[in-house]
Amino acid sequence: MRRHPVTALLAAALILAPVGGALAQGDAAEGKAIAFDRGRGNCLSCHAIPGGDLPGNIGPSLAGLKERYPNREDVVAIIRDETLRNPATVMPPFGRNLLLSDREIRSVVEYLYSY
């Protein structure tokens with residue numbers, strides 16, 4: 001039996017859709033660990049983050065991020081692939097290049113909005 005392409009697409013979307021608030025929001029403790037990990041998120045190589053050691057200054061400070069970006073999805077999109085908004089950016093496309101999963105990106109955002 002052949003499936004209609006739209007049916008197959010909807011089935012895939014339902015399987016891949018986040019389930020529950022925890023998955024959609026991420027985890028702040030996990031996000032902090034990723035952001036400060038020099039081998040994974042490595043946010044400190046370019047950004048100053050409150051509590052972080054030896055921050056870089058290529059990117060803007062991430063202090064007060066939730067005031068500058070009230071919509072968390074904007075920050076998720078920036079981390080996922082800033083080249084869509086700014087083709088000249090030097091920010092790595094963490095989501096597009098599969099450096100971080102969607103869950104990990106949302107955890108970093110949850111941490112950045114937690115202080």
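Distance check, rounded to the nearest 0.5 Å: CD1 of I79 to CZ of R96 gives 15.0 Å. If you take OH on Y111 and SG on C43, they are separated by 9.5 Å, rounding to the nearest 0.5 Å. Annotation: the span from S101 atom OG to I34 atom CD1 amounts to 7.0 Å, rounded to 0.5 Å. Atom CZ of R103 sits about 12.5 Å away from atom CD1 of I105, to the nearest 0.5 Å.
R72 has its side chain within reach of E110: a pair of non-hydrogen atoms, C-beta onward, lies under 4.5 Å apart.
Evaluated for a side-chain contact (heavy atoms from CB on, under 4.5 Å) with H47, the options N42, L62, I58 yield exactly one hit, L62.
Looking only at distances, a side-chain donor or acceptor of S107 sits under 3.5 Å from a matching main-chain atom of D27.
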Q: Could you walk me through whether E73 and R106 pass salt bridge (charged side-chain N to carboxylate O under 4.0 Å, His left out), step by step?
A: CA-CA 9 Å; E73 290 304 311; R106 289 181 182 283; 2.7 Å; yes
Q.
Would D102 and R80 count as a salt bridge (charged side-chain N to carboxylate O under 4.0 Å, His left out) here? Give the steps.
A. CA-CA 8 Å; D102 190 63; R80 188 176 288 134; 2.3 Å; yes
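Sorted by first and then second residue, the side-chain hydrogen bond (donor to acceptor under 3.5 Å, both in side chains) pairs involving residues 84-93 (not counting sequence neighbours) are E82-R85. Listed by first then second residue, pairs satisfying salt bridge (charged side-chain N to carboxylate O under 4.0 Å, His left out) with a partner in residues 34-46 read R40-E104, not counting sequence neighbours. Applying the side-chain hydrogen bond (donor to acceptor under 3.5 Å, both in side chains) test to residues at least two apart or on different chains, none of the pairs has a partner in residues 52-71.
Judged as a side-chain contact (heavy atoms from CB on, under 4.5 Å), and not counting sequence neighbours, the contacts of L84 are D81. Partners of D74 according to the salt bridge (charged side-chain N to carboxylate O under 4.0 Å, His left out) rule, which considers only residues two or more places apart in sequence or in another chain, do not exist here. Residues satisfying the ring pair (Phe, Tyr, Trp, His ring centres under 6.0 Å) test with Y113, not counting sequence neighbours, are none.
Across all non-hydrogen atoms, the minimal contact from I78 to M91 is O-CE, 3.9 Å. In terms of heavy atoms, P55 sits closest to G52 at CD-O, 4.2 Å. A35 approaches I49 most closely through the heavy-atom pair CB-CD1, 4.3 Å.
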